[in-house]
Amino acid sequence: MIVIIGNGVSGITAARYIRKQSDEPITIISEESTYFFSRTALMYVYMGHMKFEHTQPYEPHFWERNNIDLLHTRVVSVDTKQKSLKLENQEEFKYSKLILATGSKPNKFGWKGENAKRVSGLYSKQDLESIEMYSNGLKTAAVVGGGLIGVELAEMFLSRNIHVHFIVRETFFWNSVLPEEDAQFVMNHLSKHHGLTMHYDEEIEEILTNSENEAIGIQTKNGDRIDCQFVGLTTGVTPNIDFLKSSNIETNRGILINRKFETSITDVYAIGDCAEFSNPIEGRKSIEQTWYTGKIMGEIVAKNIVGKSETYQPGVWFNSAKFFDLEYQTYGSVSNQLSDEHDEFIYTNTKENILLHFVFEKETKLFIGVNNFGMRLRHQVFNEWLLTNSTIHHVLTNLKSANFDPEFYSKYENDIIDQFNTIFGTSIIAEKAKWWQKLISN
Ligand SMILES: Cc1cc2nc3c(=O)[nH]c(=O)nc-3n(C[C@H](O)[C@H](O)[C@H](O)COP(=O)(O)OP(=O)(O)OC[C@H]3O[C@@H](n4cnc5c(N)ncnc54)[C@H](O)[C@@H]3O)c2cc1C
């Protein structure tokens, strides 16, 4: 019996790919919901763009047809010597191979009032239900934590005309990821949204509550009081692994794994948000908390479980998100601090609300990565440029081929090259790009 704990994208992908290659019995145990749903679509349910049922990509009969058993309960502990799990109702459940795919949980930092009513993170189906329940008659909400999920929660409230106080500890938005110029660009964009009050460089001291233990405001470390009737905590996530404390599976922040997703214990694997690479791939994080990496991990662990040895090779890093209507994509590596051996070119077009932030090697001009706000650039093209050691000149002179809408792009083509030439005092033309490319390829 192969047992998977967690029916998120990682666990479900693993189950599907094992079933394609093996007839061994599979059981998926998950506490949040019986059926898999798309976590990334939760905001659209709140905003009325879809019903919750529409976030479930597989019909209930899919699981029966594929002989995959679903158990809607919580695992409270794992005994790897007996190869058994203890369930919430104290029942024992045996496994031959175990996949841990238990995802993340929203961070809490021990603030007074953090467990009060009218306080919630945005992670689970239950969080959404709680936010929905408290939205009735809600006039003002506070969202604490400047990251992608905070922006989603703010957008959700604004869609219902609920005023939002967005509290960001740092001086710049999402500065653990974005370089300062990019963060400033996003901040300018956010500042245009009616009903949204941004508070930068502001930290929460405690959540104020009334006699019913309901949130009524926030006391900040700067001594301000922000009145509200709901507090959203979006201060990052942590691997959801507390139930493993009594087991002998090695953990750090997450469950420690090698590149085949094997843990320290034979026949126990870990994938997705809860897993941490002991030896991460160069340039990538030890814990990868994105949808597409969870999917890739599910596919690869399935191969390893059925005996086809394969290691994790996810290719070039990419991610995408939206800051309200501003689209963001990143390909390759653009870190929040430029390193000494790298140079950067930042193209801005404030009229059209576009910023492109390119990073390349100073010496060789090798293209390292791009942050893109406001345009749509093709993943496949950038992937190829990054894998084939393209130069910044090659990228800029061929940028049209990466744009989803070449007609739209032709408006900016010359402007981008002109800005680059002005800053670097060079003259990029197609010939020069070819010359650099040849040099770097040899
Ligand atoms: C609001 C939101 C928006 C997001 N948007 C994006 C996006 O646009 N793009 C992107 O790439 N990523 C996005 N992410 C991140 C992405 O959704 C996650 O990286 C991904 O869902 C993680 O999948 P997973 O399968 O590893 O874990 P999860 O989806 O967290 O699934 C784990 C499941 O295991 C269950 N579980 C945990 N412990 C136990 C236990 N002891 N017993 C039984 N069951 C247990 C949990 O209840 C949960 O259902 C978003 C996340 C959130 C919260």
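In what follows, residues are counted from 1 in the order of the sequence shown. Note that ligands are numbered from 1 as they come in the structure, with each ligand's atoms numbered from 1 the same way. Atoms considered below: every heavy atom in the structure, side chains included; atoms not considered: hydrogens, waters and symmetry mates.
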Which residue and heavy atom of the protein sit nearest atom 15 (C) of ligand 1, plus the separation:
Gln289 O, 3.9 Å
How does Met43 reach ligand 1, if at all, at less than 4.0 Å between non-hydrogen atoms: by side chain, backbone, both, or neither?
neither
the protein heavy atom lying closest to atom 34 (O) of ligand 1 turns out to be Gly6 CA, 3.1 Å
Check: Tyr123 N/O within less than 3.5 Å of ligand 1 N/O:
yes
Min over Asp273, Thr234, Ile241 of heavy-atom distance to atom 18 (C) of ligand 1 lands on Asp273
For atom 40 (C) of ligand 1, tell me which residue out of Ile271, Val75, Ile4, Leu85 has the closest non-hydrogen atom.
Val75
Under 4.0 Å from ligand 1, counting heavy atoms only, is it the side chain of Thr73, its backbone, both or neither?
backbone
For ligand 1, which is the ligand I care about here, please tell me if Glu31 has any N or O atom under 3.5 Å from one of the ligand's N or O atoms.
yes
Taking atom types as modelled, find out whether Asn371 and Thr330 have a side-chain donor-acceptor pair closer than 3.5 angstrom.
yes
Please identify which atoms of ligand 1 are closer than 4.0 Å to at least one heavy atom of Gly103.
26 (O), 27 (O), 28 (P), 30 (O), 32 (C)
Determine, using ring centers only, whether Trp63 and Tyr58 are less than 6.0 Å apart.
yes
Nearest heavy atom to atom 13 (C) of ligand 1 wins, so pick from Val9, Asn7, Thr290, Thr40.
Thr40
Answer with yes or no after comparing the ring centroid distance for Phe318 and Phe382 against a 6.0 Å cut-off, counting only values under it.
no
Within-cut-off N or O pair, Trp291 and ligand 1, under 3.5 Å:
yes
Starting from atom 24 (P) of ligand 1, locate the nearest protein heavy atom and write down its residue, its atom name and how far away it is, to 0.1 Å.
Ser10 OG, 3.3 Å
Between His357 and Glu344, is any side-chain donor less than 3.5 angstrom from a side-chain acceptor?
yes
For a quick check under 3.5 Å, do Gln21 and Lys303 share a side-chain donor-acceptor pair by atom type?
no
Is there a polar contact, in the sense of an N or O pair closer than 3.5 Å, between Ile149 and ligand 1?
no
What's the shortest distance from atom 3 (C) of ligand 1 to any protein heavy atom, and which residue and atom give it?
Glu152 OE1, 3.5 Å
Applying the ring-ring contact (aromatic ring centres under 6.0 Å, His included) criterion to Phe324, which one of His194, His189, His193 satisfies it?
His193
Using a 4.0 Å cutoff against the non-hydrogen atoms of Gly272, which atoms of ligand 1 qualify?
26 (O)
Using only heavy-atom distances, determine whether the side chains of Ser30 and His72 contain a donor-acceptor pair under 3.5 Å.
no
When the aromatic ring centroids of His379 and Tyr331 are compared, is their separation below 6.0 Å?
yes
Give yes if a backbone or side-chain nitrogen or oxygen of Cys274 is under 3.5 Å from a nitrogen or oxygen of ligand 1, and no if not.
no
Between Tyr312 and Phe277, is the ring centroid distance below 6.0 Å?
yes
Per atom 35 (C) of ligand 1, closest listed option by heavy atom (Ser320, Ser30, Ala321)
Ser30
Residue, atom name and distance, where the atom is the protein heavy atom closest to atom 46 (C) of ligand 1:
Glu32 OE1, 4.0 Å
Mark yes or no: Lys295 above the aromatic ring of Tyr292, with NZ or CZ under 6.0 Å from the six-membered ring centre and no more than 45 degrees from the axis.
no
Do me a favour and list the nearest non-hydrogen protein atom to atom 28 (P) of ligand 1 with residue, atom name and distance?
Arg39 NH2, 3.4 Å
Taking non-hydrogen atoms only, is Asn240 closer than 4.0 angstrom to ligand 1 via side chain, backbone, both or neither?
side chain
Looking only at heavy atoms, is any part of Ala101 under 4.0 Å from ligand 1, and if so is it the side chain, the backbone, or both, or is it neither?
backbone
Relative to Phe52, does Lys125 satisfy both conditions: NZ or CZ under 6.0 angstrom from the six-membered ring centre, and within 45 degrees of the ring's axis?
yes
For Phe243, take its heavy atoms, then give the atoms of ligand 1 lying under 4.0 Å from any of them.
41 (N)
Step through it carefully: locate the ring centre of Phe373, locate the ring centre of Tyr328, and say whether they are under 6.0 Å apart.
yes
Determine whether more than 12 heavy atoms belonging to other residues, nucleotides or ligands lie under 6.0 Å from atom NZ of Lys245.
no
